[in-house]
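I have placed the structure first, in the form of structure tokens, so that the comments after it can refer back to it.
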Amino acid sequence: MSDSRSLLLVSLSLLAIYPAIAGIVPPVLDNGQRSASSLNPFDTSNYGKLQLDNGLARTPQMGWNSWNFLACNINETVIKETADALISTGLADLGYIYVNIDDCWSSLLRNSKGQLVPDPKTFPSGIKALADYIHGKGLKLGIYSDAGSFTCQVRPGSLYHENDDAELFAYWGVDYLKYDNCYNLGIKPQKRYPPMRDALNSTGRTIFYSICEWGEDDPALWAGKVGNSWRTTDDINDSWASMTTIADLNDKWASYAGPGGWNDPDMLEVGNGGMTYLEYRSHFSIWALMKAPLLIGCDIRNMTAETFEILSNKEVIAVNQDPLGVQGRKVSSAEETGCSQVWAGPLSGGRLVVNLWNRCSNSVTVGAKWEVLGLDTSTSVSVRDLWKHENMAEKVAGALESQVDPHDCKMYILTPTTSHSSI
Ligand code: GAL
């Protein structure tokens, strides 16, 4: 389908489900972070237009990655045990299928043929054997390299070795490449990242391409044609301050996400111990609404029941994986304090996801008026609470309001039950 035709279809379907986009009820952004002339909060003009069409990432990728919990303490046993745990916990059945090895899997030097070599101490059986093991469980294997002369942990990088390395990854049976940005010799990412895309494409194996250039050169503006996702920020750490800052930074690029290519605000910290239960629930709720990759970053072999409850919330996952694939965004924020925030976005079937988020340490009432959500004032909706797993009310009109505990985030799906449009 041509770009313009697919854009037209998307626009029409969005108009049908989301009158705000038609300008019938202009949505209000009152968080003071962007001027009216910058990004319209419901602007979908870039939706689906730029995305790399390699058949992957129709919805954001889901899986696990070694970095947040293990950093360089990885080996083939941990990776296999994690794959086993994805199956035994049921997380794989919920969509978490990529098992992604991050930095430190390779030896410090290439071999005499110039090939990357798995570290013989930690990956003695090699990556092909690991891929076979992972595939035997119905899962997919991800690996990591760097668009520079070294990885961030000073293993050999793939710059100027793109074809050889891509061929090796394909030969091993790798399904996903995270491609980092260290030791980049000052060369623009727009020059360094496409060669690996082309090298992956020419292997004939379908390999997810995850661009990790930390948002330095505004990748949303160019990376959609290059990769299936692109990091929009520096690394997350396991703290409320980091997570909230990153959410706000990622929000700016919402209009550039869509099936085939996603903004990546970095991997999940849920379960790593630096945030409270409610903070992790907020983290997961906002990542899901933002159509962020859901890459678990904790030790799922030993996770608590609370961690599992968050990561396995099917209703929240379904928002993330909704086929419409429009990134939800911040639509209002209490003017001075920024405490009460409303994040929202359209879902398939004319529904809306609405997160009422308390960013401060006192309990607050967070309210979303219909005009902020882009709903016609005469519309009634039914409301589903995705954390309580309850239908709240059948005919809510005018606004949705709730008392929200400090650092908690309520998450709802609104389904219009009546719409008395004047048209
Ligand atoms: C960073 C990257 C992290 C992790 C780390 C490994 O550049 O953003 O996600 O991959 O390198 O060294």
Side-chain angles (χ1 to χ4, degrees), residues 60-75 78-79 82 96 98-109 116 118-119 122-123 127 141-159 165 169 174-189 192-193 196 207-220 223 226-239 241-243 245-247 249-250 253 262-272 274 283 287 290 292-300:
Q61 66 268 39
M62 293 177 66
W64 174 90
N65 173 291
S66 55
W67 185 254
N68 283 356
F69 171 64
L70 293 163
C72 276
N73 301 313
I74 49 170
N75 58 58
V78 171
I79 304 296
T82 300
Y96 297 97
Y98 285 106
V99 182
N100 293 350
I101 312 173
D102 209 279
D103 206 348
C104 301
W105 62 269
S106 96
S107 297
L108 294 176
L109 296 174
L116 293 170
D119 185 327
T122 48
F123 291 87
I127 304 298
L141 180 70
I143 210 160
Y144 163 100
S145 190
D146 192 286
S149 40
F150 298 100
T151 74
C152 300
Q153 306 303 317
V154 206
R155 273 57 177 183
S158 293
L159 186 65
D165 292 355
F169 296 149
V174 163
D175 305 293
Y176 184 115
L177 175 67
K178 173 176 171 180
Y179 206 40
D180 213 341
N181 195 32
C182 280
Y183 299 98
N184 59 42
L185 310 179
I187 304 168
K188 284 271 173 206
R192 287 178 292 112
Y193 282 84
M196 183 52 94
I207 299 179
F208 192 108
Y209 188 26
S210 153
I211 292 177
C212 177
E213 74 66 278
W214 318 315
E216 284 193 340
D217 280 68
D218 295 346
V226 183
N228 295 118
S229 64
W230 47 89
R231 281 272 299 276
T232 53
T233 70
D234 209 341
D235 289 9
I236 194 169
N237 65 51
D238 188 13
S239 71
S242 166
M243 184 272 286
T245 304
I246 281 183
L249 291 170
N250 189 63
W253 303 109
W262 308 100
N263 291 310
D264 176 2
D266 208 358
M267 302 167 294
L268 297 167
E269 291 284 7
V270 178
N272 280 331
H283 178 16
W287 259 236
M290 293 197 299
L294 295 182
L295 294 173
I296 298 172
C298 71
D299 183 5
I300 58 164

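Position 1 is the first residue of the sequence, and the numbers go up from there. Only this structure's heavy atoms are used, side chains among them; waters, hydrogens and symmetry mates stay out. All ligand and atom numbering here is 1-based and tracks the order in the structure.
A side-chain contact (heavy atoms from CB on, under 4.5 Å) with T232 is found for one member of L249, D264, N263 and no other, namely N263. For the salt bridge (Lys or Arg N to Asp or Glu O under 4.0 Å) with K178, the qualifying choice from D102, D266, D146 is D102, the only one to do so.
N68 CG to L295 CG: the interatomic distance, rounded to the nearest 0.5 Å, is 9.5 Å.
Regarding atom 8 (O) of ligand 1, its nearest protein heavy-atom neighbour is D235 OD1, 2.5 Å. Protein heavy atom at the shortest distance from atom 1 (C) of ligand 1 is D180 OD2, 3.1 Å. Of the protein's non-hydrogen atoms, D102 OD1, 2.6 Å is the one closest to atom 10 (O) of ligand 1. Counting only heavy atoms of the protein, atom 12 (O) of ligand 1 lies nearest to D103 OD2, 2.8 Å.
Each of the following atoms of ligand 1 lies closer than 4.0 Å to a heavy atom of Q153: 12 (O). Close approach to C212 involves these atoms of ligand 1, each under 4.0 Å from a residue heavy atom: 2 (C), 8 (O).
Checked by atom type, the side-chain pair S210/Q61 shows no donor-acceptor distance below 3.5 Å.
Residue contacts with ligand 1: K178 is placed with a nitrogen or oxygen under 3.5 Å of a nitrogen or oxygen of the ligand (distance criterion only).
Under 4.0 angstrom from ligand 1, there are no non-hydrogen atoms of C104.
Using a distance-only test at 3.5 Å, with no hydrogens or angles considered, a donor-acceptor pair links the side chain of R192 to the main chain of A147.
Between Y176 and F208, the two ring planes are parallel [angle under 30°; tilted spans 30° to 60°]. Ring planes of Y209 and Y193: tilted class, angle from 30 to 60°.
In this structure, of W67, Y179, W214, the residue bringing a heavy atom nearest to atom 5 (C) of ligand 1 is W67.
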